[in-house]
Amino acid sequence: MLKPIPHLLKALTVCFITIGLVACNSDSEETIIEEDSIVVDDSSSDSDTTTETIVEVDPFNFESGALVSSITTETCTLSNGDEASCYRIDIAGAPSNYEISSFCPKNITSTADEAGIWFDGSGEVYDITGDFILSLPTLYNDSNWKLYDESTGLVNITDTEESCEGAARPDVEEQYQNHCVECSIDYVNGGISASFLIPITPIAAAQTINVGRVNIGLALNGVELAAPAPVDAILSAYTIAAFDDCAGHINLNEGYHYHGEAGCSQTQIQSDGHSAMMGYALDGYGIFGMLDDTNTEPTDLDSCRGHTDETRGYHYHAASVSENMFIGCFRGEIALTEDETGPR
Ligand SMILES: [Zn+2]
Ligand SMILES: [Zn+2]
């Protein structure tokens, strides 16, 4: 007579390893075991794991000429109170990869290639042509708009440092109302350097952090990614704070800065067809262009406009240039500034 041999039956048990679960079936029993309750030696197998890829900030992603000093490391305090290692990154405040081009059109016959763009968060990008200047009373449904001289056809432009200062601020002086606002990079000596403190290793926050009115981060070509432009204040003074074709413009406090992602800073091409990288958010996560090689926007973005893949870990895709924003919120902890880490 043959007797069943328990050890042999056990050895013949067939195991299926799936994500997060190990399911074992034999003729006599079925067990499902949570993965974290067992130790699996999978050194010789390629079974799935749920490890999330975490990508550190890479100083070598910045363009040559984008920074005014070497990147250094220092201890920083994050928004959750934890201490962490941060990079101190000092950007030049001017694009390292192109010359800043025109903002306002000179007259009411100017064409699209003679001036920049305007967007007001309404979902549209406008070329600031002469026709656009003429259309303002209709566009904003207000007959007080008149950005040009009727006798000459010349557009009212803030063409001195004094008028730039008077118009490129929230409380626009009356004499600068009905102006197309532009400031020369020469007024800020070629750019205003800005210092950023960014966690070297991004840390997901327990709750997303509002972008609010703080800057969003920095572009790889040395330009600040600014908070949304204060469109209501700009329009209520009958001004257009013209952007160049790269969605940047200049004021005397911040120098040249971006309010949208128009492709000019997408310098890190990705070999797998993914959108190119254009900068870092303050939380250390990378920001990439909106569209990939096939002009497709990812469909799985969260409310911060981020998602995760194995190559890049968690990362953002910039909003369309018309939206007056880059990302929806910070997914990760941001470093507190010197002011915020003082006595509480
Ligand atoms: Zn601005
Ligand atoms: Zn992506």
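As a basis for the values below, the full set of heavy atoms in this structure was taken, side chains included, without hydrogen atoms, waters or symmetry mates.
R305 contributes a side-chain N or O that, together with a main-chain N or O of H317, makes up a donor-acceptor pair within less than 3.5 Å. Under a 3.5 Å cut-off, the side chain of S184 and the backbone N or O of D186 do form a donor-acceptor pair. Panel note: side chain N215, backbone G217; no donor-acceptor pair is recorded below 3.5 Å. No donor-acceptor pair under 3.5 Å is formed between the side chain of T239 and the backbone N or O of V181. In this structure a side-chain-to-backbone donor-acceptor pair under 3.5 Å is missing from D149 to G153. Checking side-chain atoms of S193 against main-chain N and O of I91 turns up a donor-acceptor pair under 3.5 Å. With E182 contributing its side chain and C104 its backbone, the two residues share a donor-acceptor pair below 3.5 Å. No side-chain donor-acceptor contact under 3.5 Å links S110 to the backbone of P105. Looking only at distances, no side-chain donor or acceptor of R331 sits under 3.5 Å from a matching main-chain atom of A204. Using modelled atom types, no side-chain atom of E333 and backbone atom of I203 make a donor-acceptor pair closer than 3.5 Å.
Applying the ring-ring contact (aromatic ring centres under 6.0 Å, His included) rule to Y238 yields the partners W145; only residues at least two apart in sequence or on another chain are considered. A281 meets the side chain to side chain contact (heavy atoms under 4.5 Å, CB included) test with D283, I287, Y316, I327, F330; sequence neighbours excluded. The ring-ring contact (aromatic ring centres under 6.0 Å, His included) search around F119 returns F243, not counting sequence neighbours. The side chain to side chain contact (heavy atoms under 4.5 Å, CB included) check on T294 picks up D292, T296, with sequence neighbours excluded. Shown here are the side chain to side chain contact (heavy atoms under 4.5 Å, CB included) partners of C164, two or more places apart in sequence or in another chain: C183, Y187, L252.
For N141, the CG atom is loosely surrounded, since the number of other residues' heavy atoms within 6.0 Å does not exceed 12.
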Give the intermediate values and the outcome of side-chain hydrogen bond (donor to acceptor under 3.5 Å, both in side chains) for residues N156 and N178. CA-CA 7 Å; N156 306 330; N178 264 312; 5.9 Å; no

Begin from the C-alpha positions of S163 and T160 and carry the test side-chain hydrogen bond (donor to acceptor under 3.5 Å, both in side chains) through to its verdict. CA-CA 5 Å; S163 58; T160 63; 2.9 Å; yes

Would you please test D90 and L67 for side-chain contact (heavy atoms from CB on, under 4.5 Å) and show each step? CA-CA 6 Å; D90 297 328; L67 308 179; 6.0 Å; no

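Each side-chain hydrogen bond (donor to acceptor under 3.5 Å, both in side chains) pair with one or both residues in residues 202-211, not counting sequence neighbours, would appear here, but there are none. Contacts classified as salt bridge (charged side-chain N to carboxylate O under 4.0 Å, His left out) and involving residues 309-329 (residues at least two apart or in different chains) are given here: D272-R312, D309-R312.
Between H274 and F288, the ring center distance clears the sub-6.0 Å criterion.
Counting only heavy atoms from C-beta outward, the side chains of P199 and Y87 never approach each other to under 4.5 Å. For the pair F103/C180, no side-chain contact is recorded, criterion being any heavy-atom separation below 4.5 Å from C-beta on. Using a 4.5 Å heavy-atom threshold, the side chains of Y314 and P202 count as separate. Between S265 and P95 the shortest side-chain heavy-atom distance does not fall below 4.5 Å. The shortest distance between side-chain heavy atoms of D244 and I100 falls below 4.5 Å. Taking the side chain as every heavy atom from C-beta outward, N107 and Y148 never approach each other to under 4.5 Å. Contact of the S79 side chain with the I334 side chain is registered, since non-hydrogen atoms from C-beta on lie closer than 4.5 Å. Using a 4.5 Å heavy-atom threshold, the side chains of T158 and E162 count as separate.
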Taking only distance into account, with no hydrogens and no angle test, what donor-acceptor pairs under 3.5 Å do side-chain atoms of residues 121-129 form with protein atoms, sequence neighbours excluded?
unit_1: S122; atom_1: OG; unit_2: D120; atom_2: OD1; d: 2.5
unit_1: T129; atom_1: OG1; unit_2: D131; atom_2: N; d: 3.4
unit_1: T129; atom_1: OG1; unit_2: F132; atom_2: N; d: 3.0

Which atom pairs, one a donor and one an acceptor, fall under 3.5 Å between side chains of residues 226-235 and the rest of the protein, sequence neighbours left out?
none

List the atom pairs, donor and acceptor, that lie under 3.5 Å between side-chain atoms in residues 54-63 and the rest of the protein, sequence neighbours left out.
unit_1: E56; atom_1: OE2; unit_2: T201; atom_2: OG1; d: 3.1
unit_1: D58; atom_1: OD1; unit_2: F60; atom_2: N; d: 2.9
unit_1: N61; atom_1: ND2; unit_2: Y280; atom_2: OH; d: 2.9

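Using a 4.5 Å cut-off between side-chain heavy atoms of Ile, Leu, Val, Met, Phe, Trp and Tyr, I269 forms no hydrophobic cluster with any other residue. Here Y176 sits in one hydrophobic cluster together with V172; the rule is ILVMFWY side chains under 4.5 Å apart, joined directly or through other members.
Criterion: ILVMFWY side-chain heavy atoms under 4.5 Å apart, direct or through other members. Under it, I200 and L282 are part of a common hydrophobic cluster. One hydrophobic cluster holds both I240 and V321 under the rule that ILVMFWY side chains link at heavy-atom gaps under 4.5 Å. Side-chain heavy atoms closer than 4.5 Å link hydrophobic residues (I, L, V, M, F, W, Y) into clusters, and following such links, even through other members, never connects M277 to M290. Cluster membership check: I71 shares its hydrophobic cluster with M278, using side-chain heavy-atom separations under 4.5 Å among Ile, Leu, Val, Met, Phe, Trp and Tyr. Under the 4.5 Å side-chain heavy-atom criterion for ILVMFWY residues, no single connected hydrophobic cluster contains both I117 and F326.
Remark: E161 CD to D159 CG distance equals 12.5 Å, nearest 0.5 Å. Between the SG atom in C264 and the CG atom in N97 there is a gap of 7.5 Å [rounded to 0.5 Å]. Between the CE atom in M325 and the OG atom in S320 there is a gap of 9.5 Å [rounded to 0.5 Å].
Under 3.5 Å, the side chains of N251 and N253 contain no donor-acceptor pair of N or O atoms. Between the side chains of N221 and S96, no donor-acceptor pair of N or O atoms lies under 3.5 Å.
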